[in-house]
Amino acid sequence: MNRRNAELPVFLHRVTLLAFAIVFVATYYFHYGRWHWCSSSPPKVVTADIGLPKEVQQAWAAHSPYFSAAEYTAPPERCEVVQVNLLQRHGTRFPTAKNSKKIKTPLQKLKNAGSYSGKKYQFLKEFEWDLGVDALLPLGVKEAFDSGSEHYLRYKHLVKDDLLPFVRASDSERIVHSAVNWTQGFSTASGHVYSPSVSVIIPEEKSANNTLDDFMCPNAKTNKKPGRAWRDRFTPPIVERINKAIPGADLDNNDVAELMPLCAFETLFHESPSPFCDLFTAAEWQAREYYDDLLKYYKTGHGNSLGPVQGVGYVNELLARLTGQPVQDSTQTNQTLDASPVTFPLDRNFYADFSHDNQIVAIYSAIGLFRPAEPPITDRLDLARTFRISRLTPFSGRMIVEKLLCDESGEYVRILVNDAVQPLAFCGANEDGLCTLSAFVESQAYARSNGNGDWERCFS
């Protein structure tokens, strides 16, 4: 079952305006809320040093600021990277409207209580919400910019005047802004010799097919029971502690789980530790991270029978780029776009796509990455798990698929997620993480068959 594709113009004029706006924003000091835009202010230097230990900020799951899961390892000397496919999440942002609503419910309970025992709770007397909604933070701008710079320096041998990176973005403001800032970082690192632009913005509308968003499978429902089972194991001691210190707050297990991300959002906005962070221990942050991992696993990950199929369209686009052959897909791809060499060229050495975390998880799952041998446990924290969202899709998280030419032995594929080389056992990868291009294509039978009937299940 394939839906009719909506016609999509290439929004070049719109991207030009966006690029100008983002360059201005990236150059000058701005914030929403407590701090105000001032065009006469000096440039704001944004860093990821937010004053909290790594074991805390890297346990914020999808709300963790970007960090590399490993140091980048160059391919074997006998191999040369001949094509790069980048898939990247938007940078650090304010909470979404949905995030904000969930946080404000327990926050209001704390505010209404009015009486607080213990020094670390006293800030609640004067606390006021000052977070914006959805938009990139300065740190998110920097993450995207730095990514573009890093990728130019790493892969500059692929770039020529007539072979600039081909860049697409899903039509969400934070994603388009991330893509534009990535192109600015790329251009700056090249000394402004090579200045790619965002060539295609794919609408996030129900009538338009989109391989960079996860809204096209209406029957895909998240199983929240495993996550809630774990939530109800790790939160009761926190509930008891806070309710004892704040009589009348009457927080419950869900309140605690929803309140904890306020530490991340406050810290990332103000670039200094939020007082909410001190309300929880390092061990509790690890437990909260596992809660998010479980929710994501059963949303668009392997734990949802209709999770991986939501990434099939992108995988088929990837296969087309790797093989130089037209896209073969009957799922999410926009056939109008993918049939045109203007909006889906097959002759580039560098492709960059910008997307949402849930969709990137679906793509990982469709490829076969991060598949656990057994379903996640819920009676204790699994410290050995590989499905860990902070290492899969932190803010500005990314997957890179490298196509390599190795001496006389032919073409190979290597996948890196946040710079960590993936083992690719499903296509017989060697110790360097390389499998032959033909073996990789063969291993993607699920995508090449349009999900083995799962796509039809999205609508039946």
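The analysis underlying the following values was restricted to heavy atoms, covering all of them including side chains, and did not include hydrogens, waters or symmetry mates.
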Trainee: Tyr155 vs Phe350 aromatic rings, parallel, tilted or perpendicular, using cut-offs 30° and 60°?
Mentor: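 It falls in the perpendicular class, over 60°.
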Trainee: Output yes when Lys296 and Asp292 qualify as a salt bridge under the 4.0 Å nitrogen-oxygen rule, no when they do not.
Mentor: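 No salt bridge links Lys296 with Asp292.
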Trainee: Could you tell me if Ser170 and Glu204 have a donor-acceptor pair between their side chains, going purely by distance under 3.5 Å?
Mentor: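 Distance-only check passes for Glu204 and Ser170.
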Trainee: Please check if the distance between the ring centroids of Phe354 and His90 is under 6.0 Å.
Mentor: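 Ring-ring flag for Phe354/His90: false, centres at least 6.0 Å apart.
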Trainee: Decide whether a cation-pi geometry holds between Arg398 and Tyr66; the criteria are a distance under 6.0 Å from NZ or CZ to the six-membered ring centre and an angle within 45° of the ring axis.
Mentor: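 Yes.
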Trainee: Are a donor atom and an acceptor atom from the side chains of Asn209 and Asn334 found within less than 3.5 Å of each other?
Mentor: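 Looking only at side-chain atoms, Asn334 and Asn209 do not form any donor-acceptor pair under 3.5 Å.
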Trainee: Show which side-chain atoms of residues 132-139 pair as donor or acceptor with protein atoms under 3.5 Å away, not counting sequence neighbours.
Mentor:
none

Trainee: Apply the test salt bridge (charged side-chain N to carboxylate O under 4.0 Å, His left out) to residues Glu143 and Arg89: give CA-CA distance (whole Å), side-chain angles for both, the deciding distance (0.1 Å), then the verdict.
Mentor: CA-CA 10 Å; Glu143 287 169 333; Arg89 187 189 178 198; over 6 Å; no
Trainee: Applying salt bridge (charged side-chain N to carboxylate O under 4.0 Å, His left out), which residue pairs with at least one partner in residues 304-318 are found, sequence neighbours left out?
Mentor: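 Sorted pair list: Arg168-Glu317.
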Trainee: Considering only NZ, NE, NH1 and NH2 on the basic side and carboxylate oxygens on the acidic side, decide whether Asp382 and Arg388 come within less than 4.0 Å.
Mentor: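 Salt bridge absent between Asp382 and Arg388.
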Trainee: Kindly assign one of parallel, tilted or perpendicular to the pair His63 and Phe265, based on the angle between their ring planes and the thresholds 30° and 60°.
Mentor: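 Plane angle between 30° and 60°, so tilted.
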Trainee: Angle between ring planes, Phe459 versus Trp455, binned at 30° and 60°: parallel, tilted or perpendicular?
Mentor: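 Correct class here is perpendicular.
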Trainee: Using the ring of each side chain (for Trp, its six-membered ring), is Tyr290 parallel, tilted or perpendicular to Trp230, with breaks at 30° and 60°?
Mentor: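 Judged by the thresholds at 30° and 60°, the geometry between Tyr290 and Trp230 is perpendicular.
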Trainee: Under 30°, 30 to 60°, or over 60°: which ring-plane class applies to Phe276 and Phe127, parallel, tilted or perpendicular?
Mentor: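 The arrangement is perpendicular - the two ring planes meet at more than 60°.
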Trainee: Is there a side-chain contact between Ser100 and Pro95 in this structure, where contact means two heavy atoms from C-beta onward sitting under 4.5 Å apart?
Mentor: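 Sidechains of Pro95 and Ser100: in contact.
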Trainee: Could you name each residue pair satisfying disulfide bond (SG atoms under 2.5 Å apart) that touches residues 145-185, not counting sequence neighbours?
Mentor: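 As it turns out, there is no disulfide bond (SG atoms under 2.5 Å apart) pair with a partner in residues 145-185 once direct neighbours are skipped.
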Trainee: So, do Phe280 and Trp285 have ring centers that fall under 6.0 Å from each other?
Mentor: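 Between Trp285 and Phe280, which both carry aromatic rings, the centre distance is below 6.0 Å.
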Trainee: Go through the side-chain N and O atoms of Ser195 and Ser187 and say whether any donor and acceptor fall under 3.5 Å apart.
Mentor: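 Looking only at side-chain atoms, Ser187 and Ser195 do form a donor-acceptor pair, the distance falling under 3.5 Å.
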Trainee: If you measure only the distance, is there a donor-acceptor pair under 3.5 Å linking the side chains of Gln359 and Thr300?
Mentor: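 Side-chain D/A pair, Gln359 to Thr300: absent.
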